[in-house]
Amino acid sequence: MNFIEELRWRGMVHNLVPGTEEMLAKGMATGYIGFDPTAPSLGIGNLVTIMMLVHFQRCGHKPLALVGGATGMVGDPSGKASERPILSLEELRFNQEKARAQLEHFLDFDCGENSAEMVNNYDWFSQFSLLDFLRDVGKHITVNYMQAKDSVKTRMDTGISYTEFTYQLIQGYDYYHLHKEYGCQLQMGGSDQWGNITTGTELIRRLGGGEAFAVTTPLLTKADGSKFGKSESGNVWLDPKMTTPYAFYQFWLNAGDEEVVKSIKIFSTKTREEIESMIVDHEANPGARILQKALAEEITVRVHGEAALKRAQTASSLMFSKNPEDLNEVSFEDLQEILKGVPSGKVDASALEAGIPILDFLVETGAFPSKSEARRMIQQGGLKINLAAWDSFDAQINHSNLFDGKLIWIKKGKKHDHIVYLQ
RNA sequence: GGGGAGAUACCAAAGCGGCCAACUGGGGCAGACUGUAAAUCUGCUGUCUCUGACUUCGUAGGUUCGAAUCCUGCUCUCCCCA
């Protein structure tokens, strides 16, 4: 499989160094992408470049996943309007380990000669003295050249620290190092990385290392132009503790019709024929959400596993169920698992014994900030208790409203939930 | 240093003595339609003991039967000239 051809039909080529295709055609090549451990988990935003590596490996090449222990300490100015805060060493170390573990889900580290490898630039930078760096690296790149990069240029007015200014040299040296030590001839990344990558190829050339190539992928945006990878509740992470598998699954399921066509090409490892035929079906009947379902399924399995997918699917059908009877199908334990991550409150057994007026109950348990809002929700017909519509202001909540004697599930409209546990 | 303009609910922006809990737009929320979408439509969007009451219009006072609207001090913001 021709890697560049593969990226092209998937809509993943933004820019490439001339000659890249010819180089790759010669046989197995080694390529790398760097991930900066600036958050305690990789997010969906990182997934696009992860997929580049995945496709790269599937095309028979050898991927290197670089965890940026060193670059993370410096801070990449690309696409950032202002200086970034410095993370502590402990945070960075913790994040690096997380990133490493997550990447292992995607790449095959044991498949013979094109097995993936994980490298950490902290390993070669921690021993690199400033003086050596200045003499061996800094000497070869002019400030004029560095200044011309967009990432630097846009910051010249507002200010950029020496540290972030130097970032491109650090990343550039990474490429040189991998080129020398691993025979790495290709660096991939998001289009915002173009400047940093070309500093690397330039450095390799000047240091007499010969030719090095690069491909970047367009930054994925949503139809409304907003940044990909965020849901209304914030960033979507790969770590199940930070984004539950259910929320993760829902994120993909909710992709827009236009967006999902772009997404499936990037994130699915299905063949071109399969994907294209699915797209045809999808366009004939977008209401069936064929692509959304397929995509959500495939990615959730890869990140969280088969069992987590099944739970997410069960949870999805219950969360959007219109039939209160469906509750009878699940156990307390199931429900607790499904509702994990939903905001919750507590209610006193003795108070419940006596019965609590609905409005008081809704406010006291934290479901609503004021009785007015709670009243409004009921008025508008958005309130459901244990999936059953609730339309009275003065009815009371008591033991009979408990599910399995243990909790009360409050639905506020279609998409907001609140759980009250018996105390 | 001199002169001017302004501070209104999540944001923007009307109101300039009673009909103002405050026009309008955005946002948010709910409902309808649908596909757990988009677009569209409708309603809601200070609090409460909710067809009524109470507390809000930078802040502290004052005038008045009555103020977001008039007066005074204070704080902050913006603009122009030096």
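Order of the sequence lines fixes the chain letters, A, B, ..., with proteins taken first and strands second; residue numbering starts at 1 for each chain. The figures here come from the full heavy-atom set of this structure, side chains too, leaving out hydrogens, waters and symmetry mates.
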Check: [X] side chain, [Y] main-chain N or O, donor-acceptor pair, under 3.5 Å:
| X | Y | answer |
| --- | --- | --- |
| A/Asp404 | A/Lys406 | no |
| A/Asn386 | A/Trp409 | yes |
| A/Gln102 | A/Leu42 | yes |
| A/His177 | A/Gly172 | no |
| A/Gln292 | A/Ala255 | yes |
| A/Thr216 | A/Gly190 | no |
| A/Gln57 | A/Asp108 | yes |
| A/Glu298 | A/Thr269 | yes |

With a 6.0 Å cut-off on the ring centroids, do [X] and [Y] count as close?
| X | Y | result |
| --- | --- | --- |
| A/Tyr32 | A/Tyr182 | no |
| A/His55 | A/Phe3 | no |
| A/Trp252 | A/Phe267 | yes |

Of A/Leu383 and A/Pro286, the one whose nearest nucleotide on RNA chain B sits closer to the 5' end is A/Leu383

Between A/Gly413 and A/Pro369, who's closer to the 5' end of RNA chain B by nearest nucleotide? A/Gly413

Would you please confirm or rule out a distance under 4.0 Å between OP1 or OP2 of [N] and any side-chain N or O of [X]?
| X | N | answer |
| --- | --- | --- |
| A/Arg376 | B/U47 | yes |
| A/Lys412 | B/G31 | no |
| A/Lys371 | B/U49 | yes |

Rounded to whole Å, please give me the gap between [atom1] in [X] and [atom2] in [N].
| X | N | atom1 | atom2 | result |
| --- | --- | --- | --- | --- |
| A/Lys415 | B/G31 | NZ | C1' | 14 Å |
| A/Ile290 | B/A37 | CD1 | C1' | 15 Å |
| A/Arg289 | B/A38 | CZ | C1' | 12 Å |
| A/Asp417 | B/U36 | CG | P | 16 Å |
| A/Ile378 | B/G31 | CD1 | P | 13 Å |
| A/Phe368 | B/A30 | CZ | C1' | 10 Å |
| A/Gln379 | B/U45 | CD | C1' | 12 Å |
| A/Tyr249 | B/U36 | OH | P | 12 Å |

Say we look at [N] and [M]: how far apart would their [atom1] atoms be, to the nearest angstrom?
| N | M | atom1 | result |
| --- | --- | --- | --- |
| B/C44 | B/A38 | P | 22 Å |
| B/C76 | B/A60 | P | 16 Å |
| B/U75 | B/G61 | C1' | 15 Å |
| B/G28 | B/C19 | P | 32 Å |
| B/A53 | B/U49 | C1' | 9 Å |
| B/C48 | B/U55 | P | 15 Å |
| B/A14 | B/A9 | P | 13 Å |
| B/G62 | B/A67 | C1' | 12 Å |

Measure distances between side-chain N and O atoms of A/Glu373 and base N and O atoms of B/U45, and say whether any donor-acceptor pair falls under 3.5 Å. no

Spell out yes or no: do the side chain of A/Arg375 and the base of B/C50 have one donor N/O and one acceptor N/O closer than 3.5 Å? yes

Measure from the side-chain heavy atoms of [X] and tell me the nearest of [options].
| X | options | answer |
| --- | --- | --- |
| A/Asp257 | B/G35, B/C48, B/U36 | B/G35 |
| A/Ser316 | B/G35, B/U47, B/U36 | B/U36 |
| A/Asn254 | B/U45, B/U36, B/C29 | B/U36 |
| A/Lys414 | B/C48, B/G35, B/C33 | B/C33 |
| A/His416 | B/U36, B/A30, B/U47 | B/A30 |

Does A/Gly382 reach a base, just sugar-phosphate, or nothing at all? Heavy atoms under 4.0 Å. sugar-phosphate

Touch check for A/Ser370, heavy atoms < 4.0 angstrom, all strands: base, sugar-phosphate only, or nothing? sugar-phosphate

Check A/Thr198, A/Asn196, A/Asp192 against A/Trp194 for a side chain to side chain contact (heavy atoms under 4.5 Å, CB included) and give me the one that passes. A/Thr198

Sort me out a list of protein N/O and nucleotides 40-43 of chain B N/O pairs below 3.5 Å, or just none if empty.
from  : atom 1 : to       : atom 2 : distance (Å)
B/G43 : N2     : A/Gln380 : OE1    : 2.7

Intra- and inter-strand pairing of RNA chain B, written as dot-bracket with Watson-Crick and G-U pairs under 3.5 Å and | for the latter, reads ((((((((.[[[..)..(.....]]]((((((.......))))))(((...)))...[[[[[..)....]]]]]))))))).

